[in-house]
Amino acid sequence: MPKLTKTRFAPSPTGIMHIGNLRSALYEYLIARSEGGKFLLRIEDTDRERYVEGAVSAIYRTLETCGLFHDEGPDIGGPNGPYVQSERLRFYRQYAEELVRSGHAYPCFCTVERLSGLREGEEGEFSGYDRRCRGIDPAEAARRVEAGEPHVIRQKMPLDGETTFTDAVYGTITVQNKELEDQILLKTDGYPTYNFANVIDDHLMEVTHVVRGSEYLSSTPKYCILYDALGWEKPAFVHLPLIVGEDGKKLSKRHGSTSFGDLLKDGYLPEAIINMIAFLGWAPGDDTREIFSLAELEKIFSVKGINKAPAVFSYSKLDWMNEQYIRGLSHDVWREMIRKIADPLFGDRPYEADMLARVLQPRVTKLGDIGEMIRFLTERLPYDRELFSNKRAKLDASLALDILRDLQPKLESLPDWTEESLPALLERTCEETGRKKGQVMGSLRVALAAQQVTPGGATETAVILGRSESLARLEKALAFLNG
RNA sequence: GGCCCCAUGGUCAAGUGGUCAAGACGCCGCCCUCUCAAGGCGGAAUCAGGAGUUCAACUCUCCUUGGGGUCACCA
């Protein structure tokens with residue numbers, strides 16, 4: 001009777017969603033889905049000082065954009081709510097009191113001033129709280145608490161022995177109990193610390209797999225002791241390798257440029273971002289493919305494929321992934337994306353969106369690049385004689401002038417301006433004049449674009465611009481070359 | 001610094017005692033080609049070092065080195 005797998009994403013609303021957060025959410029989601037289990041969302045808002053307005057809605061928005069739908073959460077409810085920690089204070093207080101009663105925790109009356117002094121005093125040697133209040137007689141402590149003296153509740157760690165737990169990724173880990181600090185469970189303001197709220201909620205919400213970044217690996221023994229003190233069964237621990245930046249340092253909110261929102265703004269598709277981070281620290285093993293939809297990942301994901309070493313986030317790989325997704329878009333969807341970006345740039349001037357989309361699809365890396373890529377279409381750039389020279393085609397400005405002079409009347413009298421008629425005319429011209437395609441097509445392309453490198457060729461450019469703008473540009477090019 | 005974790009090309013990685021050590025990104029070259037892409041083909045590039053164990057180590061053990069994480073009334 002294996003228990004139904006249940007994972008949770010438990011972000012704190014203290015800032016933007018960065019890649020590390022999203023990766024945790026993704027793996028938590030995938031572990032649940034791959035085992036037919038549940039995925040829940042819990043908001044950990046126990047830090048009232050770092051709370052950021054709007055952070056919660058950003059969390060919802062991000063999960064939805066990525067398709068990581070949860071089965072339980074503050075917005076949709078569930079059997080083990082509430083799903084916001086600030087609404088669960090009574091639970092934390094209840095269990096904290098129980099722990100004090102059973103001798104696994106104690107009130108501490110030390111001031112923050114004393115604690116910071118403690119930290120400065122014993123450099124390196126003794127780390128953490130010196131356990132001064134641990135020795136206070138319980139009855140005496142209870143009296144002081146009763147009298148309203150400010151205090152926190154601390155966990156009473158075993159002074160000797162060792163604690164061992166098994167992580168699904170990192171294996172068996174053992175630490176000496178004397179290394180463990182008497183950590184704070186309940187703060188002076190009555191709010192729990194993450195360390196405490198997590199254990200309580202994961203148990204109460206029946207979370208079976210605690211999935212989180214490996215930065216929590218070293219505090220996991222403390223949680224284990226807490227589970228034991230409460231007499232609760234421990235969940236499976238799945239610690240994820242960190243995602244680090246090019247500098248090898250943990251990717252954090254401070255890195256700034258690595259938030260999900262920023263990547264979207266740059267023009268990366270959510271699907272590509274998801275695919276990318278799925279492969280940071282995980283690989284399918286038996287499949288060399290790397291492009292997987294979320295639905296496919298749900299089927300093949302396995303904790304067995306999770307690596308231990310930190311993974312460097314590579315933008316060039318993300319670029320490639322994004323290109324793959326863009327190329328895989330249906331023409332209609334892609335054309336509408338292009339429209340949204342190009343319409344405002346072209347303004348009143350007409351353009352052939354269909355052709356523009358076709359030309360751009362194999363060339364765009366990220367949506368944010370498009371504006372610059374099509375600037376030569378949305379505005380007329382100045383000419384330069386050098387633009388017309390091409391060594392390979394044996395083309396130079398004066399030859400281009402001859403070619404364009406010959407082409408102008410032919411183009412003007414072309415009955416229709418299409419992707420069939422234009423190349424037909426140009427090829428005919430090549431045959432008649434004995435000139436190479438590179439010379440004829442190249443000349444026209446540069447005349448229309450006023451730019452040496454363009455996405456698409458002469459006919460594509462002409463079609464996108466339309467007859468009137470194309471002929472106007474040709475006129476300008478001739479005037480320039482003549483002058 | 002104490003404690004914990006990690007270590008295959010520049011990056012992501014497959015591998016689990018016997019392989020010519022997959023694949024992908026990036027890079028280089030060739031083909032295609034009106035430019036640039038896309039596409040096709042090919043190439044360079046990796047088991048951090050040292051001791052063991054073994055007939056045999058990328059695979060197991062230990063040490064060294066390197067990297068990371070953590071030591072808050074933050075999560």
Side-chain angles (χ1 to χ4, degrees), chain A residues 10-12 14 44-47 49-50 108 110-112 115-116 119 123-129 150-154 167 170-171 173-176 179-181 183-189 191-195 197-198 212-221 239 241-242 244 246 248-250 276 279-291 305 307-321 323 327 359-365 373 387 390 392-393 395 423 426 430 436-446 449 451-459:
Chain A
S12 62
T14 53
E44 309 217 325
D45 59 345
T46 56
D47 186 343
E49 287 173 13
R50 290 203 308 153
C108 168
C110 293
T111 62
V112 287
L115 296 176
S116 56
R119 237 169 277 137
E123 201 59 62
E125 276 289 301
F126 197 82
S127 81
Y129 178 55
H151 65 283
V152 299
I153 302 294
R154 283 186 185 272
D167 181 83
Y170 289 89
I173 292 171
T174 299
V175 298
Q176 300 303 309
E179 304 286 343
L180 272 19
E181 187 188 10
Q183 63 176 348
I184 291 174
L185 268 20
L186 230 46
K187 308 180 217 174
T188 307
D189 63 8
Y191 277 67
T193 57
Y194 164 89
N195 299 315
N198 234 264
R212 50 159 63 132
S214 64
E215 68 265 34
Y216 292 106
L217 213 43
S218 55
S219 40
T220 300
H239 285 91
L242 260 19
V244 298
E246 310 280 355
K249 297 278 191 285
K250 170 181 158 187
M276 175 68 195
F279 275 77
L280 272 183
W282 172 83
D286 58 346
D287 197 330
T288 59
R289 234 172 10 124
E290 297 199 74
I291 300 297
N307 285 309
K308 297 175 187 172
V312 174
F313 187 84
S314 161
Y315 283 91
S316 66
K317 185 106 185 201
L318 209 216
D319 280 348
W320 174 79
M321 287 246 175
E323 288 164 0
R327 280 183 310 167
V359 158
L360 255 21
Q361 196 159 16
R363 282 172 252 254
V364 170
T365 296
M373 284 177 82
L387 291 175
N390 180 315
R392 256 192 68 189
L395 179 68
L426 295 171
C430 286
K436 292 191 282 193
K437 274 177 86 176
Q439 297 173 323
V440 175
M441 308 281 219
S443 298
L444 180 59
R445 189 175 58 79
V446 173
Q451 182 169 289
Q452 208 148 37
V453 173
T454 63
T459 67

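Lettering of chains follows the sequences in order, A, B, ..., and the numbering in each one begins at 1. Just so it is clear, the values below take in all heavy atoms, side chains as well, and ignore hydrogens, waters and symmetry mates.
Base pairing annotation: B:A57 forms no Watson-Crick or G-U wobble pair, as no partner gives both donor-acceptor distances under 3.5 Å. Base pairing of B:A13 is not made with any nucleotide, judged by Watson-Crick or G-U wobble geometry with both donor-acceptor distances under 3.5 Å. Look at B:G2: its Watson-Crick or wobble partner, with both distances under 3.5 angstrom, is B:U70. Across every strand in view, B:A45 sits unpaired, with no contact that passes the Watson-Crick or G-U test at under 3.5 angstrom.
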Practice task
Could you check A:Asn390 against A:Gln439 for side-chain hydrogen bond (donor to acceptor under 3.5 Å, both in side chains), going step by step and ending with a plain yes or no?
Solution key: CA-CA 8 Å; A:Asn390 180 315; A:Gln439 297 173 323; over 6 Å; no

Fill in the blank from the handout: In B/S/- notation (B base, S sugar-phosphate only, - none; protein heavy atoms under 4.0 Å), nucleotides 19-34 of chain B written 5' to 3' is ---BBBSS------BB

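Contact annotation for A:Val152: base contact, defined as any heavy-atom pair under 4.0 Å involving a base atom. A:Ser443 comes within 4.0 angstrom of nothing in the nucleic acid, heavy atoms only. Here A:Cys110 lies in heavy-atom contact (under 4.0 Å) with a base. Nucleic acid contact for A:Asp189: none, since no nucleic acid atom lies under 4.0 Å from a heavy atom of the residue. Within 4.0 Å of A:Tyr191, counting heavy atoms only, lies no atom of the nucleic acid at all.
Picking from B:A75, B:U35, B:C5 the nucleotide with the shortest atom distance to the side chain of A:Glu44 gives B:A75. Set against B:A37, B:A14, B:C4, the side chain of A:Ile173 has B:C4 as its closest nucleotide.
Between the CG atom of A:Leu360 and the P atom of B:A38 there is a distance of 13 Å, given to the nearest Å. Between the CD atom of A:Glu179 and the P atom of B:C3 there is a distance of 6 Å, rounded to whole Å. At whole-Å resolution of the value, NZ in A:Lys308 and P in B:U8 are 12 Å apart.
If A:Leu280 and A:Leu217 are placed on RNA chain B by their nearest nucleotide, the residue sitting closer to the 5' end is A:Leu217. Across the interface with RNA chain B, nearest-nucleotide mapping of A:Asp45 and A:Arg363 shows A:Arg363 to be the residue nearer the 5′ end.
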